[in-house]
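Below is one structure; the comments refer to it alone.
In what follows, every chain begins at residue 1, and chains take the letters A, B, ... in the order their sequences are listed.
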Number of protein chains: 2
Amino acid sequence: MGPELRQYENFLLSETGFGKSFHQGDSMSRRSVSLKVLAAHLNLAVGTVSRALNNYADISPATRARVRQAADELGYRPNQTARRLSMGTPETIGYIMPLHSASIAQPFIAQLLQGLGEALGKRQWDLLVAHAASPKDELAQIDKIVRSGRVGGLVISRPLKNDPRIRLMQDLKFPFVVHGRTASSDNYAWYDVDGEAAFVVAVDHLVSLGHSRIAFVGAPLQYQFAQDRLNGYRKAVATNGLTIDADLIQIAEFTDDGGEIATNILLDMAMPPTAIVCVSDTMAFGALAAIRAHGLTPGEDVSVIGYDGLKFGEHANPPLTTMAQPQAHAGRRLGDMLLAIIDGDDPSDHQELQRAHLLRRKTDGPLHLAKVQDDVSSREELQ
Amino acid sequence: MGPELRQYENFLLSETGFGKSFHQGDSMSRRSVSLKVLAAHLNLAVGTVSRALNNYADISPATRARVRQAADELGYRPNQTARRLSMGTPETIGYIMPLHSASIAQPFIAQLLQGLGEALGKRQWDLLVAHAASPKDELAQIDKIVRSGRVGGLVISRPLKNDPRIRLMQDLKFPFVVHGRTASSDNYAWYDVDGEAAFVVAVDHLVSLGHSRIAFVGAPLQYQFAQDRLNGYRKAVATNGLTIDADLIQIAEFTDDGGEIATNILLDMAMPPTAIVCVSDTMAFGALAAIRAHGLTPGEDVSVIGYDGLKFGEHANPPLTTMAQPQAHAGRRLGDMLLAIIDGDDPSDHQELQRAHLLRRKTDGPLHLAKVQDDVSSREELQ
DNA sequence: CTGAAAGCGCTTACAG
DNA sequence: CTGAAAGCGCTTACAG
């Protein structure tokens with residue numbers, strides 16, 4: 001071990017109170033000393049050492065101190081696998097990565113895992129990350145994870161309207177929490193942002209700017225979040241006394257390209273919308289591209305509001321107005337909930353609905369009909 | 001269990017060959033049947049059942065078939081914790097999330113985890129994700145994970161020039177792979193993209209467009225990747241016979257804001273650069289903002305090349321030219337390497353250097369001095 | 001080919 | 001206060 005590393009460690013150790021040399025004398029072997037070795041070293045029974053380390057009240061303070069010190073000196077770390085088998089708890093929770101997460105969920109996965117880790121860290125639990133190759137695979141995956149005893153609870157993201165994963169976990173009576181909700185969300189634990197309310201806010205805002213032809217660019221409705229947001233759009237359109245035009249609702253693939261395609265369709269209509277709300281920032285980026293490609297200016301000729309509040313939206317062209325989610329704490333909250341449920345809490349006592357807020361940047365503006373109409377008439381002239 | 005779920009499962013089961021009713025008769029209890037129960041059900045010894053399930057050659061085909069079928073019927077899943085304790089292998093690898101990953105590493109974490117999962121999936125290993133609260137915490141975290149026997153190997157990202165985590169794992173003689181490299185990278189396994197070569201390509205490209213005042217916007221040099229990319233810049237500047245101007249090298253925080261601040265400094269110089277290479281796309285987005293704020297047009301007045309190849313760069317203003325990394329397979333490769341090393345391979349036989357390629361979008365263009373000079377003289381007039 | 005037993009490294013009643 | 005023993009649910013030599 002080089003001097004530099006030792007410095008680092010000493011620094012570290014003095015900060016964490018581990019003692020001065022946690023792996024001195026043993027630094028050549030990766031396997032940590034076992035309880036048996038530690039007990040032999042101390043001339044005590046393994047049970048006694050175990051109880052001392054676990055702060056049992058029936059151990060004399062002197063012994064406890066001796067044991068602690070020897071454990072530090074020898075760098076003893078309990079073997080978690082053995083500990084868990086013995087105690088009958090995996091002390092681990094699992095996160096099932098959403099399918100296609102690389103493209104769909106990228107923006108929030110790192111943050112979610114970090115938050116989950118924080119919640120678990122307080123109790124020294126581990127986080128297992130699993131992913132399925134296909135939807136078919138996913139149920140089998142969950143079944144296996146649950147039954148193999150590797151985790152004490154599961155968290156899943158992006159539920160479908162009627163999600164078989166949720167029903168499977170309910171059937172198995174296995175602790176779980178959901179990042180999002182399904183259509184009937186009464187009897188399990190979830191953390192979600194109110195997408196319906198968010199789209200009411202977005203549409204109301206556009207109406208207040210004078211818009212009345214407002215379109216919705218959405219994702220496949222098998223996802224509950226896509227349905228929620230559409231519901232909010234519909235509700236607000238009705239509330240504001242506008243007529244719902246089915247052509248103004250465009251569902252596409254949940255990507256920037258999907259957003260672009262949907263927006264192209266909208267702009268090529270005889271009566272194009274003057275404002276568009278998009279189910280995600282990513283789709284909104286595609287919408288901006290389509291608008292620019294039509295020679296129109298987002299925020300002037302056509303307003304756009306996204307959903308997510310991605311930091312990156314600041315750099316879009318122009319900077320994207322969006323409904324920002326307070327998702328920094330989602331992972332933390334989900335982790336705390338799951339732990340509480342594993343401890344016996346009633347899942348339905350753990351349901352948390354957050355609100356998104358309007359983050360105005362540069363793509364929302366007052367109604368200007370002229371340019372959009374020009375675009376239509378010039379197309380007509382060409383025909 | 002509702003009819004809908006049963007349908008899903010039947011579909012699933014027929015596809016995966018599990019048999020028709022893997023948790024029939026047992027769907028009320030979350031704990032799976034144990035070997036003991038299964039053995040009793042079959043009137044066999046547990047050892048026999050275990051060997052049958054694990055395809056030992058000394059089990060009669062008839063018995064094996066009987067055991068298999070009963071296991072399917074009762075929904076038997078071996079308890080992994082027990083299995084691992086018994087076999088002495090955790091069948092799990094760990095990924096240490098980079099510090100501040102929510103801001104820094106977001107773009108690639110989901111993809112990396114997915115790839116890692118794919119590599120592990122072939123052998124039914126698990127993926128444990130750990131994260132540290134602080135750099136001090138990180139070493140303690142690794143030490144604990146290693147010694148607690150929870151994982152058989154570790155992967156870390158974004159190494160520092162002289163990374164104490166790597167030295168700790170080497171001291172412990174513990175299997176690990178690195179996503180990136182350190183200054184001396186001979187004796188361990190890594191997967192990296194050649195940042196030095198990438199910046200040579202980027203600078204050469206700008207020189208070929210006529211630029212000679214080319215600036216570098218970088219990240220703190222304690223990160224090896226930041227140093228590599230700077231080295232490439234320096235090398236190419238020299239190779240092209242340009243003089244290295246220390247003022248043209250700006251190191252800032254590794255965020256979009258950092259990129260913006262660094263670029264503001266560059267553009268406010270008496271002799272501003274006409275082209276900028278940035279250590280990441282994120283910093284480049286900040287550079288574009290600074291350029292636009294100076295009334296200049298990226299790609300015309302000032303060229304910018306980023307690094308990463310983020311999909312989002314398409315939506316920047318204007319779309320960002322970048323050195324794109326082939327990182328789709330990083331996780332997969334890293335996982336395969338680690339497994340091979342755990343199996344006994346020499347780590348130094350597993351070093352893989354990939355190349356980035358120039359992805360031209362709209363921010364690289366031929367030299368136009370006029371506008372940048374105007375900007376400078378108008379500032380001088382004001383003084 | 002199958003069974004009985006030991007062992008993986010812990011925890012936790014139960015004695016004393 | 002400490003020790004000896006049983007047990008968690010598997011795997012794997014070792015007998016027969």
Side-chain angles (χ1 to χ4, degrees), chain A residues 29-68 70-71 74-92 124 126 144 146-150 152, chain B residues 29-68 70-71 74-92 124 126 144 146-150 152:
Chain A
S29 104
R30 110 170 56 144
R31 294 212 61 70
S32 76
V33 279
S34 67
L35 249 200
K36 190 154 70 170
V37 170
L38 181 57
H41 178 83
L42 283 160
N43 252 314
L44 288 171
V46 291
T48 305
V49 176
S50 170
R51 285 189 308 254
L53 257 12
N54 289 311
N55 291 319
Y56 274 54
D58 62 359
I59 299 292
S60 79
T63 304
R64 185 181 328 219
R66 255 183 79 218
V67 170
R68 285 255 187 78
L74 299 188
Y76 171 73
R77 305 276 177 174
N79 178 310
Q80 296 292 343
T81 307
R83 181 159 192 275
R84 288 162 183 176
L85 175 59
S86 178
M87 305 213 307
T89 151
E91 289 189 335
T92 301
Q124 310 265 57
D126 287 335
K144 196 168 73 183
V146 168
R147 287 169 182 277
S148 68
R150 277 178 293 185
Chain B
S29 105
R30 109 171 56 144
R31 294 212 60 72
S32 76
V33 279
S34 66
L35 249 200
K36 190 154 70 171
V37 170
L38 181 58
H41 178 84
L42 284 159
N43 252 315
L44 288 171
V46 291
T48 306
V49 176
S50 170
R51 285 190 308 256
L53 256 12
N54 290 309
N55 290 320
Y56 275 52
D58 62 358
I59 298 292
S60 79
T63 304
R64 184 179 330 218
R66 252 185 82 217
V67 170
R68 285 255 186 76
L74 299 189
Y76 171 72
R77 305 278 176 171
N79 177 308
Q80 296 292 343
T81 307
R83 180 157 193 275
R84 287 161 185 178
L85 176 61
S86 177
M87 306 213 308
T89 152
E91 289 189 335
T92 301
Q124 311 264 56
D126 287 335
K144 195 167 76 184
V146 168
R147 289 170 182 278
S148 68
R150 277 178 291 184

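Of the candidate nucleotides C/dT2, C/dT11, C/dG9, C/dT11 has the atom nearest to the side chain of A/N54. Comparing C/dT2, C/dT12, D/dC10 by their nearest atom to the side chain of B/S86 picks out D/dC10.
Using a 4.0 Å heavy-atom distance criterion, B/S50 is classed as a base contact. Counting any heavy atom pair closer than 4.0 Å across all strands shown, A/T63 reaches sugar-phosphate atoms only and no base atom.
Rounded to whole Å, atom C1' of D/dT2 lies 12 Å from atom CZ of A/R66. Whole-Å rounding puts the B/K36 NZ to C/dA5 P distance at 14 Å. Protein atom CG of A/L35 is 6 Å distant from nucleotide atom P of C/dT11, rounded to whole Å. Distance, A/L85 CG to C/dT12 P: 12 Å, rounded to whole Å. At whole-Å resolution of the value, CZ in B/R147 and P in C/dG9 are 16 Å apart. Protein atom CG of A/L53 is 8 Å distant from nucleotide atom P of C/dT11, rounded to whole Å. Computed from coordinates, the A/R64 CZ to D/dC1 C1' distance equals 11 Å when rounded to whole Å. Atom-to-atom, CG of A/N55 to C1' of C/dT12 comes out at 15 Å; the value is rounded to the nearest Å.
B/R51 places no side-chain N or O within 3.5 Å of a backbone atom of B/D58 that could act as its donor or acceptor partner. Within the 3.5 Å criterion, the main-chain N or O of A/K144 finds a donor-acceptor partner in the side chain of A/S148. Side chain of A/N54 to main chain of A/Y56: no donor-acceptor pair is present (N/O by atom type, distance under 3.5 Å, no hydrogens or angles).
At C/dG9, none of the side-chain N or O atoms of A/Y76 fall inside 4.0 Å of OP1 or OP2 (strictly under the cut-off). Between A/T81 and the phosphate of C/dG9, there is no side-chain N or O to OP1/OP2 separation shorter than 4.0 Å. Proximity of A/Y56 to the phosphate of D/dG3: no side-chain N or O atom is located under 4.0 Å from OP1 or OP2.
With the nearest nucleotide of DNA chain C identified for both B/M87 and B/R51, B/R51 has the one nearer the 5' end.
Contacts between residues 37-49 of chain A and DNA chain C, defined by a heavy-atom separation below 4.0 Å, involve A/G47, listed by number.
For the pair B/P90 and B/G152, the tightest heavy-atom approach, listed with the atom from each and the gap, is CG-N, 3.3 Å. Of all heavy-atom pairs between B/T92 and B/R150, the closest is CB-O, 3.5 Å. Across A/L35 and A/Y76, no two heavy atoms sit closer than the pair CG-OH, 3.4 Å.
Between atom CZ of residue A/R83 and atom CZ of residue A/R77 there is a gap of 13.5 Å, rounded to the nearest 0.5 Å. Taken to the nearest 0.5 Å, the CG atom of B/N79 stands 6.5 Å off from the CG atom of A/L85. Atom OG of A/S50 and atom CG of A/L38 lie 10.5 Å apart (nearest 0.5 Å).
Stem regions for DNA chain D, each three or more consecutive Watson-Crick or G-U pairs with both distances under 3.5 Å and listed by first number, read C:1-3 with D:14-16, C:5-12 with D:5-12, C:14-16 with D:1-3.
For the side chain to side chain contact (heavy atoms under 4.5 Å, CB included) with B/R64, the lone residue among B/I59, B/L53, B/T48, B/V49 that qualifies is B/I59.
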